[in-house]
2 protein chains.
Amino acid sequence: MLMQGNTAFENVEATSKLSCDQPLASVFQMSATETVEAGEAICWEGDAAKHLFQIVEGVVRLHRIIGEGRRVITAFQFAGDVVGAFLQGDLLFTAEAVTDCKIRRVSRKTFHDEVSRSDALRPAYINLLCKETAAAHDQMVLLSKKNAEERLCSFILKLALRSESQLKKGLLRLPMNRQDIADYLGLTIETVSRTISKLAAKNIVIPEGRHDLRIVSQSRLVQLSGNSDDFSEKTCHRGSVH
Amino acid sequence: MLMQGNTAFENVEATSKLSCDQPLASVFQMSATETVEAGEAICWEGDAAKHLFQIVEGVVRLHRIIGEGRRVITAFQFAGDVVGAFLQGDLLFTAEAVTDCKIRRVSRKTFHDEVSRSDALRPAYINLLCKETAAAHDQMVLLSKKNAEERLCSFILKLALRSESQLKKGLLRLPMNRQDIADYLGLTIETVSRTISKLAAKNIVIPEGRHDLRIVSQSRLVQLSGNSDDFSEKTCHRGSVH
DNA sequence: CGAGTTATTGACGAGAGTCAAACAACGTGG
DNA sequence: CCACGTTGTTTGACTCTCGTCAATAACTCG
């Protein structure tokens, strides 16, 4: 498995997220960091959820398999994120490293003890759970009602917004491969590819290698993402997409 | 707006759920019950989430609208369920009564005060949040990878399982109309209708009026729901679906 | 019973999936 | 440093499921 690029990238954000945006980080602070190579699994669907993880560095995908090899990626998690917060009994997903990762782990028991002891941590934990549910609902909307182009635009935007800092002159890194994107967006790899090509033809993004995207027009991405409240413009587009 | 059938039905379960399965019910106990007629809204997407609700009786749908009148139903909620638990700031959905409902409401402040005061309530609240997230993930899988038939079978099964008690000789009540089902499953009303007809042709279910379904073969529903781990049989089906 | 709503069925088309081939990126070894 | 093989991606041709539009049928309730 090869390293998919500059992890120094993620590091920048990791540092800030770990300290500020994520009070729960303190729970993981004393755990040793473990290294996980790209492609390796961190835990498996169906196993008892004995640990929670925090991603210190790198990108992780959470997925479920349903019969005959259909894979659904339910989330990508980035540096600073906590994996497994909402689990009770068994794991509902397999977590795998998309890039080389550094993670910390704590047992579920420790985590819950710490959280229920601390008045500062408890709201942070609740907050995390709420955010996760909200994100899941957004994804349901995407999967339920958006076409391929809207899905891709929404996805690119989400990535772009969460990494504004490292977005140097509109260059966005896509750490995951096309299959991962497809399984996350409920599409096939071919449709993802075609749709990116279509966006490129419209000069909205320019692919640079497999893992980078130059964002030419963020505003057009917003228009095409299907989230716009202003749909006077949108309606026109839909009429003339082909 | 018309009454869509016997609310006494839901009552049976309400009573048991309110007392046993749902410790959070105690928070709502002292609030007066309000009546909401079928079709009426309980709260609106975008408003500040000032209250949480508990459904005492009836069925509620939660939905979001995205541009040009596309509606996504993110969940149906039944007697005993708590609505709005995972909200932080603004409401992310509109809640509407599917049938005539009785609900209780408490302010978010009261709710959170009560919950953080009680060692019994806190785990129940966490548990609720986790369950909601897990449910959202299941729905993501459905929307992401299942075809129309699998979606319908999954839906019918879920309804059937959650109301086993009132499932008299395989008669299942569908309190919602076809449009609601369509918007929940990410399909159109026509596809829902056709798929039910197809299941009827296979003698798996028999529609009786618009709001009742006689379940002839629950096991075939399971097979066709796309959740089966045993997919030797499944694979054959997929090969010969048409 | 009859008007209005909701559901079903049919004909057709479009968007995404499938299968297969060409192509580009990346790492390796000469 | 460049040819090569591997892997991942793009593109093309075709199919199929589901969506759209429209007509008919079944409920529901005054």
Side-chain angles (χ1 to χ4, degrees), chain A residues 1-6 38-39 68-71 98-99 142-152 174-183 185-201 205-213 224 226 237-242, chain B residues 1-6 37-39 68-71 98-100 142-152 174-183 185-201 205-213 224 226 237-242:
Chain A
M1 285 293 145
L2 76 149
M3 244 317 284
Q4 292 174 316
N6 194 352
E68 306 136 67
R70 292 186 278 185
R71 185 183 74 159
V98 170
T99 64
L142 179 143
L143 293 170
S144 194
K145 285 277 139 63
K146 291 186 179 178
N147 63 25
E149 187 173 80
E150 292 169 326
R151 291 180 197 203
L152 254 301
L174 304 177
M176 63 293 289
N177 63 26
R178 297 291 189 264
Q179 188 64 62
D180 288 340
I181 298 175
D183 288 346
L185 297 179
L187 301 169
T188 59
I189 189 175
E190 292 94 335
T191 300
V192 169
S193 190
R194 269 187 262 270
T195 306
I196 292 178
S197 300
K198 216 166 69 183
L199 292 176
V205 296
I206 304 170
E208 304 197 349
R210 292 171 174 178
H211 290 289
D212 289 288
L213 220 52
L224 295 178
H237 278 303
R238 287 184 66 74
S240 61
V241 155
H242 272 276
Chain B
M1 285 294 144
L2 74 147
M3 243 315 283
Q4 292 173 316
N6 194 351
E37 272 179 43
E68 306 136 68
R70 291 184 280 185
R71 186 182 74 158
V98 170
T99 64
D100 288 354
L142 179 144
L143 293 169
S144 194
K145 284 277 139 63
K146 291 185 179 177
N147 63 26
E149 187 173 78
E150 291 170 327
R151 292 180 196 202
L152 254 300
L174 305 177
M176 62 294 288
N177 62 26
R178 296 290 189 265
Q179 187 65 61
D180 288 339
I181 299 175
D183 289 345
L185 297 179
L187 301 169
T188 59
I189 189 174
E190 292 94 335
T191 300
V192 169
S193 191
R194 267 188 264 271
T195 307
I196 292 178
S197 300
K198 215 166 70 183
L199 292 176
V205 297
I206 304 169
E208 303 196 350
R210 290 171 174 180
H211 290 289
D212 288 288
L213 220 53
L224 296 177
H237 277 301
R238 286 185 65 77
S240 61
V241 155
H242 270 277

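Chain letters run A, B, ... following the sequence lines, proteins first, then strands; residues in each count from 1.
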Can you tell me the distance, in whole Å, between the [atom1] atom of [X] and the [atom2] atom of [N]?
{"X": "Leu187(A)", "N": "dT9(D)", "atom1": "CG", "atom2": "P", "result": "15 Å"}
{"X": "Leu199(A)", "N": "dT9(D)", "atom1": "CG", "atom2": "C1'", "result": "16 Å"}
{"X": "Glu208(B)", "N": "dA26(D)", "atom1": "CD", "atom2": "P", "result": "16 Å"}
{"X": "Ile189(B)", "N": "dT24(D)", "atom1": "CD1", "atom2": "C1'", "result": "15 Å"}
{"X": "Asn177(A)", "N": "dC26(C)", "atom1": "CG", "atom2": "P", "result": "13 Å"}
{"X": "Asn147(A)", "N": "dC18(D)", "atom1": "CG", "atom2": "P", "result": "17 Å"}
{"X": "Glu149(A)", "N": "dA16(C)", "atom1": "CD", "atom2": "P", "result": "9 Å"}
{"X": "His211(B)", "N": "dA26(D)", "atom1": "NE2", "atom2": "P", "result": "17 Å"}

query: Under 4.0 Å between a side-chain N or O of Ser193(A) and OP1 or OP2 of dT10(D)?
result: yes
Within less than 4.0 Å of OP1 or OP2 of dC18(D), is there a side-chain N or O belonging to Thr191(B)? no
To the nearest 10 degrees, the angle between the two end axes of the helix from dC1(C)-dG30(D) to dG30(C)-dC1(D) (five pairs per end) comes to 40°
What about [X]: does its side chain form a donor-acceptor pair under 3.5 Å with the base of [N]?
{"X": "Glu190(A)", "N": "dC19(C)", "result": "yes"}
{"X": "Arg210(B)", "N": "dT6(C)", "result": "yes"}
{"X": "Arg194(A)", "N": "dG12(D)", "result": "yes"}

Worksheet item: Any sub-3.5 Å donor-acceptor pair from Arg178(A)'s side-chain atoms to Arg210(A)'s backbone N or O?
Response: yes
Give Ile196(B) one of three labels, base, sugar-phosphate or nothing, depending on what nucleic acid heavy atoms sit under 4.0 Å from its own. nothing
Checklist entry - At under 4.0 Å between heavy atoms, what does Ser197(A) touch on the DNA or RNA strands: base, sugar-phosphate, or nothing? => result sugar-phosphate
>> Run the side chain to side chain contact (heavy atoms under 4.5 Å, CB included) test on Leu174(A) and Leu213(A) for me, step by step, so that the C-alpha distance in whole Å, both residues' side-chain angles and the decisive distance to 0.1 Å come before the verdict.
In response: CA-CA 7 Å; Leu174(A) 304 177; Leu213(A) 220 52; 4.2 Å; yes
Closest of dA7(C), dT9(D), dG17(C) to the Thr188(A) side chain is dG17(C)
By side-chain hydrogen bond (donor to acceptor under 3.5 Å, both in side chains), Arg71(A) pairs with (sequence neighbours left out) Asp180(A), Asp183(A)
Starting from the C-alpha separation in whole Å, work towards a yes-or-no answer on salt bridge (Lys or Arg N to Asp or Glu O under 4.0 Å) for Glu150(A) and Arg70(B). CA-CA 13 Å; Glu150(A) 292 169 326; Arg70(B) 291 184 280 185; 3.0 Å; yes
Residue set satisfying side chain to side chain contact (heavy atoms under 4.5 Å, CB included) with Thr188(A), at least two apart, ordered chain then number -> Glu190(A), Thr191(A)
Check step by step if side chain to side chain contact (heavy atoms under 4.5 Å, CB included) holds for Val98(B) and Asn177(B).
-> CA-CA 9 Å; Val98(B) 170; Asn177(B) 62 26; over 6 Å; no
Taken to the nearest 0.5 Å, the spacing of Lys145(A) NZ from Leu143(B) CG works out to 9.0 Å
